[in-house]
Amino acid sequence: MIQLKDILYKVTIDKVIGNTSVAIRNIEFDSRNIQLNDVFVAIRGALSDGHHFIKKATDLGALVIICEVIPEEIINGITYVQVADSHKALSILAANYYGNPSEDLKLIGVTGTNGKTTITSLLFQLFKKAGYKVGLLSTVKIMVDHKQYNTTHTTPDSLTINMYLKEMVEEGVEFCFMEVSSHGIHQKRTEGLKFEGGIFTNLSHDHLDYHNDFATYRDVKKAFFDQLPKTAFALTNTDDKNGKVMLQNTHAKKHTYALKSKADYKAQILENQFNGLLLKINNQELWVKLIGSFNAYNLLAIYGAADLLGLETLNTLQLMSELESVDGRFQYLISKKNITAIVDYAHTPDALKNVLETINTIRTKNEELITVVGCGGERDSTKRPKMGAIAATLSTKVIFTSDNPRSENPAAIIDAIEKGVPGEYFSKTISISDRKQAIKTACQLANEGDIILIAGKGHETYQEIKGERFDFDDFKIINELLKALNK
């Protein structure tokens, strides 16, 4: 068993009551999981404060309490460690407990509003194809080389991160690609990790329910780059006005990518079709299976990261041409009646605009573009009218529906979306709360050659309603409905 004093290395401590030369079993921040000789870290969360559960933790056998405020009742034989920030302390404790595994592989963090999952997943594919053992920490899944695990958060808690990083090191993984969310940065989940590089994608309207305003959201993202070491690289999209902000105070080596502005890694879209893109990257032509200008940015970030991590250029270009799209990211099928159905995770105004503009660039305008879209409950409500305006303006027909309503009334969410629709476009819209019925209606409205976009949920295989998760897979459902209509 490991000693408490060993996992306290680099933790900023205000006060200690008791003995740090004690053997501990495990670290927990959920009092319900406490067992004999565990360390309980009292975290202040959005819904509850772990300090209220210190007594429960000690009753269950906690030997050590890490907290921001020492409780009034001190129990003999229990060690109390007071820290200024329990979130930060937890991350450093977790890294020490698991042997600081991030120091034994090359960890790349990807942050931004859109593109994190695509970039991390495609980098995982690319480096696997190049013959390396690779790890992935993403919204869609966690991969330890060939082993897959399910995930529930964009950036897992620090204990989970370090547990999987340790497994990766034990499996001989050389590179790990990790999504870094604004929640994860703000809650210090990435503290104690050594990053080889950071990639910034873009910044648009999202998570303002959590961060309150856009400047705070931006500065949280920037904090990730501020903390990168001199040995790391910082690769940023300079076509986004916030791209240069990310580099302002970083100690890392600065690199840029762009389609429109001057950059180290530059691309031009030569052709954009439903079956792929023809790109010119740093004067090398490349055909890829991915679609849209937003994917041109993603691919450019991948090219830059591969170069900075030492892959040979021609090998990288060849492997990029073999990359397959990520589940729920512009994932499409064409029915027997030549109806194109596209499923995309677009759940922010900017992402929805990107997808719809991409479709409109490719389509001939002789066909209908029918969009099915909703917004999640208990999330940033200010983006709802923006989503409605974008969907109505850039589609020929729109069906507003439920996404993951959670505990909110779906009709109230749809009403908020509808408020953004310009008056001249309102006749294009229909509202159907039941998501399956909304998708079915889109299929019934579609004629040969038409395009259906199902936006918002992407890779998710569930719908969350009043605290319960029900099986729901957009891609599976539209595939079944279109097949039934073909009979």
Side-chain angles (χ1 to χ4, degrees), residues 1-104 153 155-167 169 181 183-195 210 220 223-224 226-227 229:
M1 293 175 79
I2 193 168
Q3 295 257 314
L4 172 61
K5 62 184 179 183
D6 295 329
I7 66 167
L8 288 173
Y9 177 61
K10 291 186 179 180
V11 175
T12 302
I13 298 169
D14 293 341
K15 185 178 181 181
V16 175
I17 299 173
N19 185 9
T20 60
S21 296
V22 291
I24 56 100
R25 188 193 75 92
N26 205 355
I27 304 169
E28 294 287 353
F29 59 90
D30 185 336
S31 60
R32 295 169 295 186
N33 299 331
I34 289 290
Q35 295 183 38
L36 190 64
N37 297 330
D38 279 353
V39 175
F40 174 63
V41 184
I43 298 289
R44 297 185 195 275
L47 301 176
S48 63
D49 184 348
H51 290 78
H52 297 153
F53 301 96
I54 289 175
K55 178 67 166 60
K56 180 181 178 182
T58 55
D59 288 346
L60 289 171
L63 182 62
V64 180
I65 302 296
I66 310 288
C67 53
E68 293 173 11
V69 179
I70 300 283
E72 290 182 9
E73 182 187 357
I74 302 297
I75 300 172
N76 190 38
I78 292 176
T79 302
Y80 298 85
V81 181
Q82 185 178 14
V83 297
D85 187 334
S86 293
H87 284 285
K88 184 175 180 179
L90 174 62
S91 296
I92 297 169
L93 289 165
N96 289 333
Y97 180 81
Y98 285 105
N100 294 290
S102 63
E103 295 178 3
D104 296 321
H153 293 83
T155 306
D157 66 78
S158 51
L159 287 165
T160 303
I161 291 169
N162 281 280
M163 179 186 73
Y164 282 116
L165 290 178
K166 183 183 180 183
E167 185 179 340
V169 170
S181 69
H183 290 69
I185 299 165
H186 185 254
Q187 294 171 11
K188 311 291 175 63
R189 296 181 214 160
T190 55
E191 290 278 346
L193 300 179
K194 179 179 179 288
F195 284 92
Y210 181 88
V220 167
F224 172 69
D226 292 350
Q227 293 163 8

task = Using the side chain to side chain contact (heavy atoms under 4.5 Å, CB included) rule, take Arg32 and Lys56 through it: C-alpha gap first, then chi angles, then the decisive distance, then the call.
result = CA-CA 8 Å; Arg32 295 169 295 186; Lys56 180 181 178 182; 3.2 Å; yes
All salt bridge (charged side-chain N to carboxylate O under 4.0 Å, His left out) counterparts of Glu191, not counting sequence neighbours = none
query = Of the non-hydrogen atoms in Ala23 and Asn37, which two are nearest, and what is the gap between them?
reply = O-CB, 4.3 Å
key: Lys5 atom NZ, neighbour heavy-atom count above 12 within 6.0 Å   = no
task = May I ask you to test the Thr79-Ile17 pair for a side-chain heavy-atom distance under 4.5 Å?
result = no
inquiry  = Less than 4.5 Å apart, side chain to side chain, heavy atoms only: is that true for Leu4 and Leu63?
reply    = no
key: Test item: Asp157 side-chain N/O and Thr160 main-chain N/O as donor-acceptor pair under 3.5 Å   = yes
Thr190 vs Phe195 side-chain heavy atoms within contact, under 4.5 Å = yes
message = Strictly below 4.0 Å, N to O, side chains only: are Glu68 and Arg44 in salt-bridge contact?
response = yes
inquiry  = Does Lys194, at its NZ atom, have more than 12 non-hydrogen atoms belonging to other residues, nucleotides or ligands within less than 6.0 Å?
reply    = yes
key: Within-4.5 Å side-chain heavy-atom neighbours: His186 and His87   = no
request  = Check for a donor-acceptor pair, side chain of Ser91 on one end and backbone N or O of Gly192 on the other, with a separation under 3.5 Å.
outcome  = no
inquiry  = Could you check whether any side-chain heavy atom of Ile2 comes within less than 4.5 Å of a side-chain heavy atom of Ile24, counting everything from C-beta outward?
reply    = yes
remark   = Looking only at heavy atoms, the pair that brings Pro101 and Ala95 closest together is CD-O, 4.0 Å
Minimum heavy-atom distance Ile185-Ala223, with the two atoms named = CG2-CB, 4.2 Å
request  = Over all heavy atoms of both residues, which pair between Ala94 and Leu159 is shortest? Give the atoms and the distance, please.
outcome  = CB-CD2, 3.7 Å
ask   = Roughly how far apart are Phe224 CZ and Leu193 CG, rounded to 0.5 Å?
value = 9.0 Å
request  = Just do the side chain to side chain contact (heavy atoms under 4.5 Å, CB included) check on Leu90 and Ile66 with the steps written out, would you?
outcome  = CA-CA 8 Å; Leu90 174 62; Ile66 310 288; over 6 Å; no
ask   = Under the 3.5 angstrom rule, does the side chain of Tyr80 hit a backbone N or O of Ile75 as a donor-acceptor pair?
value = yes
key: Phe53 vs Ser48 side-chain heavy atoms within contact, under 4.5 Å   = yes
message = To the closest 0.5 Å, what do you measure between CD1 (Ile43) and OG (Ser158)?
response = 7.5 Å
message = Has Asn26 got a side-chain atom pairing as donor or acceptor with Asp38's backbone, closer than 3.5 angstrom?
response = no
Minimum heavy-atom distance Asp104-Asn100, with the two atoms named = OD2-O, 4.1 Å
query = Taking atom CD1 of Ile161 and atom CZ of Arg189, what is their separation to the nearest 0.5 Å?
reply = 7.5 Å
ask   = Distance-only, no hydrogens or angles: does the Ser86 side chain make a donor-acceptor pair with backbone N or O of Cys67 under 3.5 Å?
value = no
query = Taking all atoms of both residues into account, what is the closest heavy-atom pair of Phe40 and Ala62, and its distance?
reply = CB-CB, 4.3 Å
request  = For Asn96 and Tyr9, indicate whether the former's side chain and the latter's backbone hold a donor-acceptor pair under 3.5 Å.
outcome  = yes
inquiry  = If I take atom CG from residue Leu165 and atom CD from residue Glu103, how far apart are they, to the nearest 0.5 angstrom?
reply    = 11.5 Å
